Amino acid sequence: MDKDMPINAINIRKISRGESYFDGEHFEGHGDKWVALFGNTEKFAVKNMKKCVTSGDIIFKQEKILNKKFAGIVYPKNELLSVLSLIELKETCNEYTSAYPLLIGINNEIKLKEDYCWQNGGEGEFAVEAGDDRVINFFDPFYAIDKANFKTDKTQTISLAGLAYSLDKLKEQEFVIDKGEFYNVSRDEFLKENPDKTEQDFEPPVVKLEADHFRMLIPKQYACEYEIATQIENIKYFKILGEEIAQLKVNLEHSDNEKSLYCYIYASKHVLGKYKPQVGDGINAIVWLSGFFN
């Protein structure tokens, strides 16, 4: 057994569950998303909300769910990140239902397990099996459309992305294992391979936490929110509504596995602070996952 061993066995945590495939509570609001993007909700609501509706493009209309009809308006229209405004269509007066980030992600094959419809009838979340049979939850910006295409245990393709609430460089660490089951197994193997040695000759194993070996996806309090650790494979910078954003390509599964779980992580300049992401960096982040069916 390699005594100087990187942590490559700690992959995305498989979640034990009861009846539900959702990992946390359902919080039906987007204030924290606007804080993540713009630093505060007022900056979005006052400066951009009206513009997003009056200058946006209708990308779907009259999608009916729970006896309600909805239209989706996107602004600015691009291939990275925009704002999607959800309008409930009524006979007398249309009603502004919600607005949330529309994150363009990376395609992944998944199996649908469960959905959750928000009380407004037009938004919702999905729980799916993805990557190496991991269950993940994500908010679907096109729930009013995708709900009709939901088929349990059918393999489908989704575009997966995440919005960073916080993001820092992962600090590489190493520590000595001087007790416990791993120590005992390593010691016994050493003595078996070296019959002329004693336990006093055995050097306790050193475990390294390195970006290219370590992956983590741990649920937070609310469904669709996770703490992640992974490695940056590509970086792109762009601006939306005056805010500078970094788009980071990451894999939430190990790169040497047959299966992968790629997504884009979007992080605003104010979230990054003084950290300047570089390709190859390991990162630790709190993210909100978003996805939609292709």
Side-chain angles (χ1 to χ4, degrees), residues 27 29-57 73-85 98-106 138-139 141 159-172 211-212 214-218 220-222 224-252 261-292:
F27 180 76
H30 297 294
D32 48 358
K33 285 76 174 174
W34 300 124
V35 171
L37 276 177
F38 299 112
N40 60 71
T41 55
E42 184 180 2
K43 187 174 181 181
F44 168 73
V46 174
K47 293 187 176 181
N48 298 309
M49 185 178 290
K50 183 177 180 180
K51 181 194 299 183
C52 289
V53 176
T54 57
S55 302
D57 295 325
I73 301 175
V74 66
Y75 179 86
K77 195 171 184 179
N78 59 48
E79 297 179 352
L80 296 172
L81 186 157
S82 53
V83 175
L84 198 154
S85 298
S98 185
Y100 39 83
L102 173 58
L103 311 174
I104 305 303
I106 300 177
F138 61 83
F139 174 85
S159 171
L160 185 66
L163 177 65
Y165 295 153
S166 65
L167 192 149
D168 296 294
K169 186 173 182 179
L170 181 68
K171 295 180 180 178
E172 297 189 353
D212 56 345
F214 186 69
R215 299 291 182 273
M216 177 178 67
L217 182 65
I218 298 178
K220 303 297 286 182
Q221 180 181 357
Y222 298 112
C224 310
E225 297 181 1
Y226 294 88
E227 181 176 1
I228 69 167
T230 184
Q231 187 176 28
I232 300 173
E233 297 192 15
N234 191 42
I235 304 173
K236 180 184 292 185
Y237 290 94
F238 64 98
K239 282 190 175 182
I240 172 178
L241 301 176
E243 194 72 24
E244 185 175 343
I245 309 288
Q247 181 202 62
L248 312 177
K249 181 182 179 182
V250 302
N251 182 8
L252 298 178
L261 184 58
Y262 274 101
C263 73
Y264 288 132
I265 301 297
Y266 293 86
S268 292
K269 185 177 181 180
H270 75 89
V271 169
L272 294 174
K274 296 181 179 180
Y275 172 50
K276 304 294 184 184
Q278 302 290 328
V279 172
D281 280 359
I283 57 171
N284 180 233
I286 305 295
V287 301
W288 171 70
L289 289 184
S290 173
F292 54 88

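Along the sequence shown, the residues carry numbers beginning at 1. Please read these numbers as outputs of a predicted model, since none were measured by experiment.
Asn251 and Tyr262 make their closest contact through CB-CE2, 3.5 Å (heavy atoms, listed as atom of the first residue, atom of the second, distance).
Checked against side chain to side chain donor-acceptor pair (under 3.5 Å), Glu244 has no partners two or more places apart in sequence or in another chain. With sequence neighbours excluded, the residues forming a side-chain contact (heavy atoms from CB on, under 4.5 Å) with Ser159 are Asn107, Phe292, Asn294, listed by chain and number. Residues passing the side chain to side chain donor-acceptor pair (under 3.5 Å) test with Tyr165 are Asp32, Glu225, sequence neighbours excluded. Evaluation of the side chain to side chain donor-acceptor pair (under 3.5 Å) rule for Gln221 yields Glu25 as partners, not counting sequence neighbours. For Ser82, there are no side chain to side chain donor-acceptor pair (under 3.5 Å) partners at least two apart in sequence or on another chain. Remark: Ser55 engages Lys51, Tyr75 in a side-chain contact (heavy atoms from CB on, under 4.5 Å) (not counting sequence neighbours). The side-chain contact (heavy atoms from CB on, under 4.5 Å) test applied to Phe27 returns Tyr222, not counting sequence neighbours. Residues passing the side-chain contact (heavy atoms from CB on, under 4.5 Å) test with Ala99, sequence neighbours excluded: Trp34, Phe44, Val83, Ser85, Tyr96.
Within the 4.5 Å cutoff, side-chain heavy atoms of Leu167 are placed close to those of Leu248. Inter-residue side-chain proximity for Leu80 and Tyr264 is flagged as unmet; no heavy-atom pair is nearer than 4.5 Å. Residues Thr230 and Ile283 meet the side-chain proximity criterion, which asks for heavy atoms closer than 4.5 Å.
Classified by interplanar angle (parallel below 30°, tilted 30° to 60°, perpendicular above 60°), the ring pair Phe139/Trp288 is tilted.
Atom CG of Asn48 sits about 4.5 Å away from atom CG of Leu241, to the nearest 0.5 Å. Rounding to the nearest 0.5 angstrom, the gap separating the CZ atom in Arg215 from the CG atom in Leu261 is 11.0 Å. Distance check, rounded to the nearest 0.5 Å: CD1 of Ile73 to CG of Asp57 gives 9.0 Å. The distance from the NZ atom of Lys276 to the CG atom of Asp281 is 13.0 Å, given to the nearest 0.5 Å. Summarising the geometry, atom CD1 belonging to Ile245 is positioned 8.0 Å from atom CG belonging to Leu163; distances are rounded to the nearest 0.5 Å. Interatomic distance, Ile265 CD1 to Ile235 CD1, rounded to the nearest 0.5 Å: 13.0 Å.
For residues 265-274, the side chain to side chain donor-acceptor pair (under 3.5 Å) pairs, not counting sequence neighbours, are Gln247-Tyr266.
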